[in-house]
Amino acid sequence: MEIHVTGLRGIPGVMGGVESHCEELLPRIKAQNPDLDITVLCRAPYVDNDVRDYRDIRLVPLPSPKQRSLEAIASTFIAILYAFIRRARAIHIHAIGPSLLSPLARLLGLKVVVTHHGADYQRAKWGRIAKLVLRIGERSSLIWAHKVIAVAPSIADDLKRLFPSHAHKVVYIPNGAPHLPDGIEEPEDILRRLGLEPRGFILAVGRLVPEKGFHDLIEAFRASGTGAARKLLIAGGADHDSPYARGLLDQASDSIIFAGILPHDVLKVLYGHCALFVLPSYHEGLPIAALEAASCSAPMVLSDIPANRDIGLDEASYFPAGDISRLAQMLEGPFDAFVGDVARVRRRFDWDRSAMETAIVYRGVMSRAAPPLLDAVKPGVSD
């Protein structure tokens with residue numbers, strides 16, 4: 001049974017929550033289900049075109065513009081046509097922007113699974129027209145897909161409330177808390193190379209985009225006065241050059257370090273040796289960086305948006321999104337109250353279980369006859 005996957009830039013080692021999700025999930029599905037042939041349709045500008053296999057997952061780089069407003073739709077259109085030509089049984093579309101083309105996949109006879117990673121129309125980087133398109137993509141996924149996977153319970157609840165006549169299609173399968181790999185380099189050498197000392201820095205990980213709230217974190221860090229005792233390290237890069245990203249990078253100093261995109265083994269060292277991990281986001285799906293930090297026993301402070309609350313930390317670990325004064329107080333320490341229950345997080349967010357449940361979705365979609373297409377477009381009374 002052949003499944004093609006699109007909506008992501010590619011794997012392995014490509015920055016982004018969807019990319020990290022697929023890099024963790026898909027090889028596990030393959031390992032548990034050797035009869036499933038999984039192909040990731042990558043965007044060629046983001047991947048090494050000579051790498052065609054990753055942990056038994058086939059990688060196919062396809063042409064794609066590297067332009068924020070066009071690449072998701074254009075690359076997904078090409079990917080769906082490729083899957084149709086290759087006679088794939090099913091296509092798995094990630095994120096609601098690419099899901100705008102789920103009707104095309106259905107009309108070409110493909111079984112369609114969509115993973116909803118978050119309400120992207122809430123992201124600050126998008127303008128009014130783009131946000132409208134993303135809302136249409138979300139609606140298209142609920143109408144046309146055979147199954148819609150939500151990575152967080154708050155997302156699943158919202159979809160069932162907004163689209164009651166399609167609620168039966170929605171299934172909650174969370175991101176996992178990965179066990180990050182050990183590297184060849186000694187932790188002390190990594191910290192020394194970055195100019196850090198154990199417990200002597202506050203860590204944030206994510207893309208340099210407005211909805212991550214790193215501008216708030218920098219302001220709170222300066223207001224807290226903790227810069228005399230600790231440094232702030234932000235690991236991550238920008239998808240595309242932007243005034244926002246340049247504005248952040250211009251604030252680099254001896255105490256505010258931008259480390260760029262780092263490999264998983266280096267991140268593991270940083271999670272394990274930071275004084276505090278902070279995620280001040282305004283929007284998330286189910287944040288993999290926070291799950292990684294939790295799995296490494298890092299003390300954590302998160303904004304109180306629904307996706308972050310879905311992780312289930314103690315109330316003391318949350319602050320109102322955008323409340324710089326409160327965040328500054330929390331950065332002053334002590335941080336003992338911000339240590340979560342690592343075992344509980346790992347039990348709730350398990351990639352192996354998520355892989356098993358996703359494979360069940362695949363088999364269910366591919367094994368049953370699809371309802372007539374006209375049935376898919378009948379709106380519900382409350383939709």
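- Pairs passing the salt bridge (charged side-chain N to carboxylate O under 4.0 Å, His left out) check and including a residue from residues 316-334, sequence neighbours excluded, do not occur.
- For the side-chain contact (heavy atoms from CB on, under 4.5 Å) test with Thr6, the passing option among Val40, Thr39, Ile91, Leu62 is Ile91; the others fail.
- Evaluation of the salt bridge (charged side-chain N to carboxylate O under 4.0 Å, His left out) test over residues 77-87, restricted to residues two or more places apart or in two chains, returns none.
- Using modelled atom types and a 3.5 Å distance limit, the side chains of Tyr172 and Glu357 yield no donor-acceptor pair.
- A side-chain N or O of Thr226 and one of Arg230 form a donor-acceptor pair less than 3.5 Å apart.
- Looking only at side-chain heavy atoms (C-beta outward), Leu331 and Leu232 stay at 4.5 Å or farther from each other.
- Partners of Phe221 according to the ring-ring contact (aromatic ring centres under 6.0 Å, His included) rule, which considers only residues two or more places apart in sequence or in another chain, do not exist here.
- Partners of Tyr244 under the ring-ring contact (aromatic ring centres under 6.0 Å, His included) rule, at least two apart in sequence or in another chain, are His215.
- In this view, Lys30 and Asp37 satisfy the salt bridge (Lys or Arg N to Asp or Glu O under 4.0 Å) rule, not counting sequence neighbours.
- Partners of Tyr318 by ring-ring contact (aromatic ring centres under 6.0 Å, His included), not counting sequence neighbours: none found.
- Listed by chain and residue number, nothing satisfies the salt bridge (Lys or Arg N to Asp or Glu O under 4.0 Å) test with Asp56 (two or more places apart in sequence, or in another chain).
- Checking each of Asn33, Ile29, Leu25 against Ile38 for a side-chain contact (heavy atoms from CB on, under 4.5 Å) leaves exactly one that passes, namely Ile29.
- Asp265 is linked by a salt bridge (Lys or Arg N to Asp or Glu O under 4.0 Å) to nothing, counting only residues two or more places apart in sequence or in another chain.
- At a threshold of 4.0 Å, the pair Asp182-Lys268 counts as salt-bridged, since one of the basic side-chain nitrogens sits closer than that to a carboxylate oxygen.
- The closest donor-acceptor contact from the side chain of Gln32 to the backbone of Met356 lies under 3.5 Å.
- Using a cutoff of 4.0 Å between basic side-chain nitrogens and carboxylate oxygens, Arg89 and Glu2 are not scored as salt-bridged.
- Sorted by first and then second residue, the pairs that involve residues 326-357 and meet ring pair (Phe, Tyr, Trp, His ring centres under 6.0 Å), not counting sequence neighbours, are His21-Trp351.
- Ion pair Lys66/Glu71 not flagged as a salt bridge, since none of the NZ, NE, NH1 or NH2 atoms sits closer than 4.0 Å to an Asp/Glu carboxylate oxygen.
- Residue pairs satisfying the salt bridge (charged side-chain N to carboxylate O under 4.0 Å, His left out) criterion with at least one member in residues 293-302, sequence neighbours excluded, are absent.
- Between His94 and His117, the ring center distance clears the sub-6.0 Å criterion.
- Applying the ring-ring contact (aromatic ring centres under 6.0 Å, His included) rule to Phe84 yields no partners; only residues at least two apart in sequence or on another chain are considered.
- Pairs passing the salt bridge (charged side-chain N to carboxylate O under 4.0 Å, His left out) check and including a residue from residues 278-306, sequence neighbours excluded, read Lys212-Glu284.
- Checked against Val361 for a side-chain contact (heavy atoms from CB on, under 4.5 Å), the options His146, Met366, Lys147 give a single hit: Lys147.
- We find that Lys231 and Glu197 are not joined by a salt bridge, their nearest charged nitrogen and carboxylate oxygen being 4.0 Å or further apart.
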